[in-house]
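Below is one structure, written out as structure tokens; comments come after it.
Chain A is the first sequence line, chain B the second, and so forth, proteins listed ahead of strands; every chain is numbered from 1. The model shown is predicted, which means the values in this text are computed figures rather than measured ones.
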Protein chains: 2
Amino acid sequence: MDIGEVARRSGAAASALRFYEEKGLIRSTGRRGLRRQYDPEVLDQVALITLGRSAGLTLDEIGRMLSVGGRAAVDRQLLAKRADALDEQIRQLAVVRDGLRHAAACKERDHLACPKFRRLMGLAVRSAVQRPKSRGKPPRLVP
Amino acid sequence: MDIGEVARRSGAAASALRFYEEKGLIRSTGRRGLRRQYDPEVLDQVALITLGRSAGLTLDEIGRMLSVGGRAAVDRQLLAKRADALDEQIRQLAVVRDGLRHAAACKERDHLACPKFRRLMGLAVRSAVQRPKSRGKPPRLVP
DNA sequence: TTACAACTTCAAGTCGACTTGAGGTCAAGG
DNA sequence: CCTTGACCTCAAGTCGACTTGAAGTTGTAA
């Protein structure tokens, strides 16, 4: 397949696909003339990348996860560890979400005066402090 | 309070606080010499900013909520929408986590070839040709 | 009074994930 | 054969939220 077809079928821009390839997240099978050719299986990989991106993972993280193809038990440990880290990240996001949801529902005029909100906010802040700062573009939101 | 104390107590860097002030998200009460002075209530505002940031709001959005009077004029719709977006993000993270966890346990060398993994990832079922036609409920297709 | 830590301003740099633009190549259809 | 549109490379630009660095000022403790 040409890059254009991959783009059409995956929803990712051709420029993004070139970028992924440059970063080693996907591979083309060769060229036809100048043009990159891709196997259909690349569609799965791009889908995985897209999924990871919308979950807020960086391309580096995704790359690391993709690259552990059936290797040793070391990698199993690594994978399990990453899953645990995701659990933690999910927990933190849930706290923030609860805070937001309460703020949206609370009748209190000034949210900063609501004890419940303040408590939730405190939690969110504390967990935000110890989290690595995520820079760059925020995750692509799925509407 | 000096900016340094606000930084210490809020967890935000002094440079970030100056940045927030420049953007109109917080206000100093004046100067002592050159130095900005802050009221303690700025701590609440910074906490709110931090909460909003970790929920994925932009400083502009947060600024709009903070800008009306001293009270936080929170946009409930926006907050609810953001909470929903967080739900979605959490859902996607959970999918990735489950995939990782499965990959850690699965013997398959190529995870993309494993049906269970594919199902977890919500990937389209591959090559229907080589699998027996199932009677009963057709698989739910993920678009 | 002097040292110095803590501030100040302003410009420029950084990070991640791409996008955009200029200028060039090429395969296929008419 | 010629056109055309889809591709190519490479450099630079973009966006948000800060950070960093240089160069200067000042409150305060010794």
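- The existence of a salt bridge linking B:D2 and B:R32 is confirmed by a sub-4.0 Å separation between a basic side-chain nitrogen and an acidic carboxylate oxygen.
- Between B:I26 atom CD1 and D:dA17 atom C1' there is a gap of 14 Å when expressed in whole angstrom units.
- Note on A:R101 versus B:D84: salt bridge recorded, some NZ/NE/NH1/NH2 to OD/OE distance being below 4.0 Å.
- Distances were taken from every side-chain heavy atom of B:L34 (C-beta onward) to each of C:dT8, C:dC26, C:dA17; the shortest belongs to C:dT8.
- The side chain of A:R36 contributes an N or O atom lying less than 4.0 Å from OP1 or OP2 of D:dT9.
- As a whole-Å value, the separation of B:F19 CZ from C:dT8 P is 16 Å.
- Remark: B:E88 engages B:R91 in a salt bridge, criterion side-chain N to carboxylate O under 4.0 Å.
- For B:R35 and D:dT28, the shortest distance from a side-chain N or O to OP1 or OP2 is not below 4.0 Å.
- Here the P atom of nucleotide D:dC7 and the CZ atom of A:R18 are 8 Å apart, to the nearest Å.
- OP1 or OP2 of D:dT19 has at least one side-chain nitrogen or oxygen of B:S15 nearer than 4.0 Å.
- Between the A:R53 side chain and the A:L57 main chain, a donor and an acceptor come within less than 3.5 Å of each other.
- OP1 or OP2 of C:dC18 lies within a sub-4.0 Å distance of a side-chain N or O belonging to A:R53.
- Rounded to a whole Å, the CD atom of B:E61 is 9 Å from the P atom of D:dA17.
- Across A:E21, A:R36, A:R18, A:Q37, a single residue satisfies side chain to side chain donor-acceptor pair (under 3.5 Å) together with A:S28, and that is A:E21.
- Between B:R32 and D:dT28 there is a side-chain polar atom (N or O) within less than 4.0 angstrom of OP1 or OP2.
- Protein atom CZ of B:R8 is 12 Å distant from nucleotide atom C1' of C:dA6, rounded to whole Å.
- Atom CD in B:Q37 sits roughly 11 Å away from atom C1' in D:dG27 (whole-Å rounding).
- When the P atom of C:dC7 is taken as reference, atom CZ of B:R31 falls 12 Å away, rounded to whole Å.
- Contacts of A:D2 with the nucleic acid, taken as non-hydrogen atoms under 4.0 Å apart, involve only primed sugar atoms and P, OP1 or OP2.
- If you measure from atom CD1 of A:I3 to atom C1' of C:dC18, you get 13 Å, rounded to the nearest angstrom.
- Counting any heavy atom pair closer than 4.0 Å across all strands shown, A:A13 reaches sugar-phosphate atoms only and no base atom.
- Taking side-chain N and O atoms only, B:Y20 has a distance below 4.0 Å to OP1 or OP2 of D:dC18.
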